[in-house]
Q: 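Would you mind keeping the following structure in view while I ask a few things?
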Amino acid sequence: MLTPAQERLIEATAPVVAEHLDAITRCFYPLMFARYPEVKPLFNQAHQANGGQPRALAGAVLAYVQLRRDPERVRETLATVVSKHVSLDIQPEQYPIVGECLMAAIGEVLGEAVTPEIADAWGALYEELAGLLIELEAHRYRDFEHRPGGWRGPRDFRIAAIRQESAVIRSFVLTPVDGGAVADFAPGQYIGVRLVIDGEPLYRHYSLSAAPNGESYRISVKREPEGTASRHLHDAMAVGDTLALLPPAGDLTLVDGDEPLMLASGGVGQTPMLPLARQALAQGRRVVYLHAALDADHHAFADEVARLADRHAGQLRVVTVHERGDGADHLGRIDRELLARYLPEGQPRCYFVGPQGFMTTVNRFLAELGIPDERRHYEHFGPSQPLDAA
């Protein structure tokens with residue numbers, strides 16, 4: 001617990017730290033990877049290169065400083081961080097590594113302005129945050145381990161089937177090597193995947209693209225030209241090969257209710273929408289399923305969604321948008337007019353996932369169309385970033 005003097009120091013120095021937080025986090029990651037190279041596989045280096053991971057860390061630290069006296073809001077704000085950590089099997093002993101390197105980065109960026117008293121205060125603040133994260137993550141680990149079909153730590157799964165869904169997206173059906181049951185998950189969640197490439201471990205998250213069935217999981221992966229993990233899955237892994245999975249996590253899940261839904265996706269952002277749609281339809285809810293793809297060759301799951309629409313005629317409306325070629329309901333991109341045309345009447349909830357620009361655009365237009373913030377739900381496939389809503 002921070003002392004009153006430390007509380008005052010945090011309050012006095014928070015504006016300065018906030019002003020330099022981007023520089024601090026940019027310094028932090030290279031420093032940590034140099035001192036502790038064993039943690040580097042836990043981080044997607046593409047997100048380091050584009051600045052996404054440092055910005056996400058900076059945002060989380062700043063949010064904690066601003067909200068720490070409101071425990072309920074803090075826990076809500078940290079939910080995304082906890083989910084990512086659980087799907088990476090982050091352990092308590094790794095937090096001191098982060099604390100040491102974060103304080104070293106603060107000292108390097110701010111220099112002599114960081115007195116011993118200020119360093120102690122911010123170190124105590126980090127320990128407070130770390131303690132809360134460790135507590136929340138321990139609860140998640142225990143809860144999942146004790147579910148039917150649950151487990152703790154990495155669990156080996158075998159590739160039981162592979163299906164090419166589009167020119168760039170491939171699905172992998174995964175069954176446990178031990179032959180045991182597979183824990184259910186909330187539709188919309190993702191799962192942690194541990195690969196070993198050239199003898200080195202690599203961790204990634206992939207959305208679970210099929211409904212829970214107690215026997216297997218399905219992930220659907222877009223092959224990225226520069227993606228180390230996705231290229232390995234597409235080019236090197238075959239039926240019978242094994243990989244390790246960590247507990248499902250994520251907060252892009254259906255809010256209870258009977259409101260109609262709009263599920264909007266761009267590209268591989270469709271993967272969490274498939275189980276969300278199945279769950280909503282099983283609940284008797286009306287669903288508008290709006291998907292944008294480059295063209296017919298890049299449009300994944302078209303047959304699967306068509307079969308779903310046949311089974312739920314009058315309840316599910318499917319709308320497709322392609323940037324080029326034939327075969328879609330609309331040519332171009334999702335815009336305000338198109339959203340307004342298909343937005344369900346009443347008080348709909350809207351879920352949307354896709355590239356950052358897609359989500360920013362959809363979020364802005366939905367806000368302009370009167371959909372309040374609490375009814376707009378989205379998730380980033382990489383580090384969380386703010387969306388500029390109207």
Q: May I ask you to check whether Arg204 and Ser230 show a side-chain donor-acceptor distance below 3.5 Å?
A: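 There is no such pair (donor and acceptor under 3.5 Å, judged by atom type) between the side chains of Arg204 and Ser230.
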Q: Quick check: closest heavy atoms across Ala249 and Ser87, and the distance to 0.1 Å?
A: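 In this case the closest contact between Ala249 and Ser87 is CB-CB, 4.4 Å.
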Q: Would you call Arg231 and Glu224 a salt bridge, using N to O less than 4.0 angstrom?
A: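 No.
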Q: Just checking, any donor-acceptor pair under 3.5 angstrom between side chains of His291 and Ser265?
A: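 Note: His291 and Ser265 side chains meet the donor-acceptor criterion.
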Q: Hydrophobic side-chain clustering at under 4.5 Å (ILVMFWY, transitive links): who's grouped with Ile159? Put none if nobody.
A: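 Members besides Ile159, by chain and number: Phe144, Trp151, Phe157, Ile162, Phe172, Leu174, Val182, Phe185, Ile191, Val193, Leu195, Ile197, Leu202, Tyr206, Leu208, Tyr217, Ile219, Val221, Leu233, Met237, Val239, Leu243, Leu245.
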Q: Shortest non-hydrogen contact from Ala296 to Asp326?
A: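 Shortest heavy-atom contact: CB-O, 4.2 Å.
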Q: Using 0.5 Å steps for rounding, measure from the CG atom of Leu369 to the CZ atom of Arg364.
A: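 Reported to 0.5 Å precision, the distance equals 11.0 Å.
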Q: How close do Gly266 and Pro355 get, counting heavy atoms only, and between which atoms?
A: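 For Gly266 versus Pro355, the nearest heavy atoms are O-CD, 3.7 Å.
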Q: Run the numbers on Tyr203 and Leu246 for side chain to side chain contact (heavy atoms under 4.5 Å, CB included), then give the verdict.
A: CA-CA 10 Å; Tyr203 293 79; Leu246 292 153; 3.9 Å; yes
Q: Under 4.5 Å between side-chain heavy atoms, hopping through other hydrophobics if needed: is there a path connecting Val255 to Leu263?
A: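 They do share one cluster, since a chain of ILVMFWY contacts under 4.5 Å joins Val255 to Leu263.
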Q: Evaluate salt bridge (charged side-chain N to carboxylate O under 4.0 Å, His left out) for Arg75 paired with Glu135, printing each intermediate quantity in order.
A: CA-CA 11 Å; Arg75 288 169 183 258; Glu135 173 193 339; 3.2 Å; yes
Q: Would Tyr126 and Glu100 count as having a side-chain donor-acceptor pair, cut-off 3.5 Å?
A: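 Side-chain D/A pair, Tyr126 to Glu100: absent.
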Q: Can you check side chain to side chain contact (heavy atoms under 4.5 Å, CB included) on Thr77 and Tyr64, steps first, answer last?
A: CA-CA 8 Å; Thr77 301; Tyr64 182 71; over 6 Å; no
Q: Are any of the side-chain nitrogens in Arg8 or Glu117 under 4.0 Å away from the carboxylate oxygens of its partner?
A: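 No, no charged N to carboxylate O under 4.0 Å.
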Q: Is a salt bridge present between Arg223 and Asp235, judged by a nitrogen-to-oxygen distance below 4.0 Å?
A: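 Yes, Arg223 and Asp235 are salt-bridged.
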Q: Around Glu108, counting heavy atoms of other residues, nucleotides and ligands shown, do more than 12 lie under 6.0 Å from its CD?
A: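 Not buried by this count: 12 neighbours or fewer within 6.0 Å.
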Q: So, for Val173 and Arg218, which heavy atoms are closest and what is the spacing to 0.1 Å?
A: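 Residues Val173 and Arg218, closest heavy atoms: CG2-CG, 4.2 Å.
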Q: Does the Gln279 side chain pair with the main chain of Leu276, one donor and one acceptor, at a distance under 3.5 Å?
A: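 Checking the backbone N and O of Leu276 against the side chain of Gln279, no donor-acceptor pair under 3.5 Å is found.
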Q: Heavy atoms only: give me the nearest Cys101-Met32 pair and the separation to one decimal.
A: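 That would be SG-CA, 3.6 Å.
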Q: Measuring from Glu38:CD to Ile97:CD1, what's the distance to the nearest 0.5 Å?
A: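 Atom-to-atom, Glu38:CD and Ile97:CD1 are 5.5 Å apart.
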Q: Take atom CG of Asn213 as the centre, draw a 6.0 Å sphere, and report whether it contains more than 12 heavy atoms from other residues, nucleotides or ligands.
A: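 Correct, the count exceeds 12.
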Q: So, are Arg155 and Asp178 salt-bridged, with charged N and O less than 4.0 Å apart?
A: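 Judged by the 4.0 Å cut-off on N to carboxylate O distance, Arg155 and Asp178 do form a salt bridge.
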Q: Which value, rounded to the nearest 0.5 Å, describes the distance between Trp122 atom CH2 and Asp120 atom CG?
A: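 The CH2 atom of Trp122 sits 13.5 Å away from the CG atom of Asp120.
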Q: Taking atom types as modelled and ignoring hydrogens, do the side chains of Ser166 and His298 form a donor-acceptor contact shorter than 3.5 angstrom?
A: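 His298 and Ser166 do not have a side-chain donor-acceptor pair below 3.5 Å.
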Q: Can you establish whether the number of heavy atoms outside Glu93 located under 6.0 Å from its atom CD is more than 12?
A: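 Count over threshold, so yes.
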Q: May I ask you to check whether Thr271 and Ser209 show a side-chain donor-acceptor distance below 3.5 Å?
A: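 Ser209 and Thr271 do not have a side-chain donor-acceptor pair below 3.5 Å.
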Q: When you group the ILVMFWY residues by side-chain heavy-atom contacts below 4.5 Å and let the links chain together, are Val287 and Phe301 in the same group?
A: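 Shared cluster, yes.
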Q: If you measure only the distance, is there a donor-acceptor pair under 3.5 Å linking the side chains of His146 and Tyr141?
A: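 Note: His146 and Tyr141 side chains miss the donor-acceptor criterion.
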Q: So, are Lys222 and Glu165 salt-bridged, with charged N and O less than 4.0 Å apart?
A: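 Answer for the salt bridge query: no.
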Q: Start with the C-alpha gap between Leu133 and Leu78, add the side-chain angles, then the distance that decides, and say whether side chain to side chain contact (heavy atoms under 4.5 Å, CB included) holds.
A: CA-CA 8 Å; Leu133 287 169; Leu78 293 178; 4.0 Å; yes
Q: Should Leu261 and Leu254 count as side-chain neighbours, where that means a heavy-atom distance under 4.5 Å?
A: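 Result yes, sub-4.5 Å side-chain heavy-atom pair found.
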Q: Heavy-atom count check: over 12 atoms from other residues, nucleotides or ligands less than 6.0 Å from Asp198 CG?
A: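 For Asp198, atom CG is not crowded (no more than 12 foreign heavy atoms under 6.0 Å).
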Q: Does a salt bridge link Arg69 with Glu7, judged by any charged N lying under 4.0 Å from a carboxylate O?
A: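 Here Arg69 pairs with Glu7 in a salt bridge, since their nearest N and O are under 4.0 Å apart.
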Q: Is it true that Leu252 and Tyr190 fall in one hydrophobic cluster, defined by side-chain heavy atoms closer than 4.5 Å?
A: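 Looking at the clustering, Tyr190 is in a separate group from Leu252.
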Q: Using 0.5 Å steps for rounding, measure from the CE atom of Met262 to the CG atom of Leu366.
A: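 Between atom CE of Met262 and atom CG of Leu366 there are 7.0 Å.
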Q: Below 4.5 Å, heavy atoms only, C-beta onward: do His139 and Val82 meet side chain to side chain?
A: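 No. Closest side-chain heavy atoms not under 4.5 Å.
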Q: So how far is it from Glu379 CD to Asp251 CG, rounded to the nearest 0.5 Å?
A: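 The CG atom of Asp251 is 7.5 Å from CD of Glu379, to the nearest 0.5 Å.
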Q: Does Glu137 form a salt bridge (charged side-chain N to carboxylate O under 4.0 Å, His left out) with Arg142? I'd like the steps, not just the answer.
A: CA-CA 9 Å; Glu137 289 155 16; Arg142 286 194 301 269; over 6 Å; no
Q: Is Asp373 salt-bridged to Arg376, cutoff N-O under 4.0 Å?
A: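 Judged by the 4.0 Å cut-off on N to carboxylate O distance, Asp373 and Arg376 do form a salt bridge.
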Q: Using atom types as modelled and distance alone, determine if a side-chain donor or acceptor of Glu19 lies under 3.5 Å from a backbone N or O of Val16.
A: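 Checking the backbone N and O of Val16 against the side chain of Glu19, no donor-acceptor pair under 3.5 Å is found.
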Q: Can we say Glu259 and Arg286 salt-bridge, meaning some charged N sits less than 4.0 Å from an Asp/Glu carboxylate O?
A: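 Arg286 and Glu259: not salt-bridged.
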Q: Are Met103 and Tyr36 grouped together when hydrophobic residues (ILVMFWY) are joined by side-chain heavy atoms under 4.5 angstrom apart?
A: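 Yes, one cluster joins them.
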Q: Is Glu11 atom CD crowded by more than 12 heavy atoms from other residues, nucleotides or ligands, each under 6.0 Å away?
A: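 For Glu11, atom CD is not crowded (no more than 12 foreign heavy atoms under 6.0 Å).
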Q: For Gln315 and Leu281, indicate whether the former's side chain and the latter's backbone hold a donor-acceptor pair under 3.5 Å.
A: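 Checked: pair present.
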Q: Kindly compute the distance separating CD1 (Ile118) from CG (Leu9), expressed to the nearest 0.5 Å.
A: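 Here the interatomic distance stands at 6.0 Å.
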Q: Quick check: are there more than 12 heavy atoms from other residues, nucleotides or ligands sitting under 6.0 Å from CZ of Arg35?
A: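 It does: Arg35 CZ has more than 12 such atoms within range.
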Q: In terms of side-chain heavy atoms, does Tyr342 have a donor or acceptor partner in His330 at a distance below 3.5 Å?
A: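 Yes.
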Q: Test side-chain hydrogen bond (donor to acceptor under 3.5 Å, both in side chains) on Arg140 and Ser83 and set out the steps.
A: CA-CA 9 Å; Arg140 292 272 196 101; Ser83 291; 3.2 Å; yes
Q: Please say whether more than 12 non-hydrogen atoms of neighbouring residues, nucleotides or ligands are located less than 6.0 Å from CZ in Arg152.
A: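 It does: Arg152 CZ has more than 12 such atoms within range.
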Q: If you compare all heavy atoms of Cys27 against all heavy atoms of Val109, which two are closest, and at what distance to 0.1 Å?
A: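 What the structure gives for the nearest pair is CB-CG2, 4.1 Å.
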Q: Taking 4.0 angstrom as the limit, do Glu374 and Arg349 come out as a salt bridge?
A: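 Arg349 and Glu374: not salt-bridged.
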Q: Could you tell me how the ring of His299 sits relative to the ring of His322: parallel (under 30°), tilted (30 to 60°) or perpendicular (over 60°)?
A: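 Answer is perpendicular, since the angle exceeds 60°.
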Q: Check Asp303 with Arg307, please: is the shortest side-chain N to carboxylate O separation under 4.0 Å?
A: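 No.
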Q: Between Asp329 and Thr320, do the side chains contain a donor N or O and an acceptor N or O under 3.5 Å apart?
A: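 There is such a pair (donor and acceptor under 3.5 Å, judged by atom type) between the side chains of Thr320 and Asp329.
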Q: Are the ring centres of Tyr289 and His312 closer than 6.0 Å?
A: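 No, ring centres 6.0 Å or more apart.
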Q: Under 4.5 Å between side-chain heavy atoms, counting indirect links through other Ile/Leu/Val/Met/Phe/Trp/Tyr residues: same cluster for Leu110 and Leu31 or not?
A: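 In one cluster with Leu110: Leu31, no.
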